[in-house]
Amino acid sequence: MITPYRSDIERHLATARWFAGKGRPFRVAGLRSAPVPGGSDGLELLVVLVEVEYLDAAGGTELYQLPVSVHAAPKEHLEPAWIGRWDGRHAYDATHDRAAMTQWLEAFALSADELARVDTPLRFHRCGDADLPTGERPGLMTAEQSNSSVAYGEELLMKLFRKVTPGPNPDIEIHEVLTRAGSDHVAALHGWVDWETDEGEVVQLAMLQQFLRTGSDGWALARSSARALFAEADLHAHEVGGDFASEAARLGQALAETHATLAEHFPTQQLDAAGARALADTMLARLDWAAEQVPALEQYVDRLRPRLAVVADVAEEAGVRVQRIHGDLHLGQTLRTVKGWKLVDFEGEPARPLHERSHPEPVWRDVAGMLRSFDYAAAVVQRELGGEGAASDDQRAYRAEEWVERNRRAFLTAYAGGELSPEQELLCAAFEADKAVYECVYELRNRPDWADIPLAAVARLVASETAAVAE
Ligand SMILES: Nc1ncnc2c1ncn2[C@@H]1O[C@H](COP(=O)(O)OP(=O)(O)O)[C@@H](O)[C@H]1O
Ligand SMILES: O=P(O)(O)O[C@H]1O[C@H](CO)[C@@H](O[C@H]2O[C@H](CO)[C@@H](O)[C@H](O)[C@H]2O)[C@H](O)[C@H]1O
């Protein structure tokens, strides 16, 4: 097997869209390679696990997956994916390489005998027995950021996780459980790829799932509804074309059904006083962490504290159940298909350590995530439109509030099957505040121009009536 060159990999990572350490000094501290079984003459396909060590004060290490295809001759069409010249041959990021990604899919269909002939720590697991259309043309999707997904025709999608961690990957784990349970709200899982290390650990590398070809991104649909509203200065949300409320209600129902299936198939638990306290403490610690990084948050910290701490009181008095949830739900994680809403990407918040992302949590974290997303959609459309459209700034702000409120209500009522109890309102408000605090850090790091969207939400939340009850 070919030996990867560290310096080439360091250079490749530094500019890769999916590399989380962009801008930080780092070095490649370790490399392990494994061959992908199958394939044709002239192409060597391997997976390289890259251990990255950060050289700044924060330090730490991370593990990345880099699938590499190696060709004897340069491939002009793969130029943008070129990694380097190794032992006189040409190495490319394999997710761009059609022949390589076909080999990757074919490995799922190899017999046990064929697989046994290759000495590799890679294991290709199937879920269900659907035929895999190995003749379909693979194509790298361009829409996403943290991982890489390759579509095979209109049937299959292979998601290759870039930043990986030993242990179960929640995206695979939850898709497997929901698929086996017959859930209508996820793309069916067809398989996954593991790396079994010499130390007995499993690193999950990729998942193969149904490609939702009729799916429209919920984030785009919601913004287009908000845009239609702002075009008409004098009409209410329910009077203009493109009203989103019935979709928001369907989303609420889809989430409620998904939570019910997850509660049936994973352990659930009623939080005791210590558990409730620990949950509130985690939120309070996140507030302190966020305020250290976002100076503009500082002014709200004292008023936010009781709104987060209330989780412990409510849990003690009224009880709160925890269960597996999505963990980072927003409109961009939803696809509207002809068969209803589907939820994608169960990996949880990227900033959290993997083991924390599989912790059981109150369902209100997901509910609050969606509520925040309605606010984002209206805020982003307002700034996209600038001075355009029929409405003045004040009218637009009024309409935006109305749009958000209408969709929040529709979503919440459908989720809860009616009005929320006062305790549920408090929990929901606390998780909304927690999410907005997290978003302040997320935006400052990734989209500083949007930092005032969650900050404005924090200001509104500390001033709201529900929050006042918490004090
Ligand atoms: N099964 C699927 N079929 C079609 N499109 C999908 C599917 N899963 C995800 N997508 C699209 O790809 C985008 C990125 O997927 P996601 O799982 O969130 O990847 P990442 O972890 O890289 O952010 C989603 O926003 C969605 O639009
Ligand atoms: O999709 P990811 O799992 O990578 O989630 C991260 O990025 C999201 C943005 O892409 C971010 O979501 C925030 O912005 C959305 C609009 O782009 C908005 O709809 C969400 O409500 C808001 O939280 C998410 O928080 C972050 O973890």
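Just so you know, these numbers use all the heavy atoms, side chains as well, and skip hydrogens, waters and symmetry mates. We count ligands from 1, going down the list as the structure has it; atoms in each ligand are counted the same way.
Near K435, with a cut-off below 4.0 Å to any heavy atom, the atoms of ligand 2 are 23 (O), 25 (O).
More than 12 heavy-atom neighbours from other residues, nucleotides or ligands sit within 6.0 angstrom of CG on N446. By the neighbour-count criterion of 12 heavy atoms within 6.0 Å, atom NZ of K339 is sparsely surrounded, having that number or fewer from other residues, nucleotides or ligands. Atom CZ of R137 is surrounded by 12 or fewer heavy atoms from other residues, nucleotides or ligands within 6.0 Å. More than 12 non-hydrogen atoms from other residues, nucleotides or ligands lie less than 6.0 angstrom from CD of Q293.
Looking only at heavy atoms of the protein, atom 25 (O) of ligand 2 is closest to Y438 CE2, 3.4 Å. When hydrogens are left out, the protein atom nearest atom 22 (C) of ligand 2 is E439 OE2, 3.4 Å; that is the closest non-hydrogen contact. Looking only at protein heavy atoms, the nearest one to atom 14 (O) of ligand 2 is R447 NH2, 2.9 Å. Considering only non-hydrogen protein atoms, atom 2 (P) of ligand 2 sits nearest to D328 OD2, 3.5 Å. With respect to atom 4 (O) of ligand 2, the closest heavy atom belonging to the protein is P350 CG, 4.1 Å.
If you look at L157 next to ligand 1, the close heavy atoms, those under 4.0 Å, all belong to the side chain. Contacts with ligand 2 closer than 4.0 Å are made by side-chain heavy atoms of D345 only, the backbone lying farther away. With a 4.0 Å heavy-atom cut-off, ligand 2 is reached by the side chain of Q333 but not by its N, CA, C or O.
No side-chain heavy atom of L212 sits under 4.5 Å from any side-chain heavy atom of R336.
Relative to the ring axis of F266, R324 places its NZ or CZ within 45° and under 6.0 Å from the centre.
Between Y376 and H330, the distance from one ring center to the other does not fall under 6.0 angstrom.
With atom 19 (O) of ligand 1 as the reference point, the heavy atom nearest to it among E347, K159, M141, R17 is part of K159. Considering H330, E443, H326, E347 only, the shortest heavy-atom separation from atom 1 (O) of ligand 2 involves H330. When Y442, W450, W219 are ranked by how near their heavy atoms come to atom 10 (O) of ligand 2, first place goes to Y442.
Ring orientation note: the planes of Y64 and W18 are tilted relative to one another, at an angle of 30° to 60°.
Between N147 and ligand 1, at least one pair of N/O atoms sits closer than 3.5 Å.
Residue M370 places every heavy atom at 4.0 Å or more from ligand 2.
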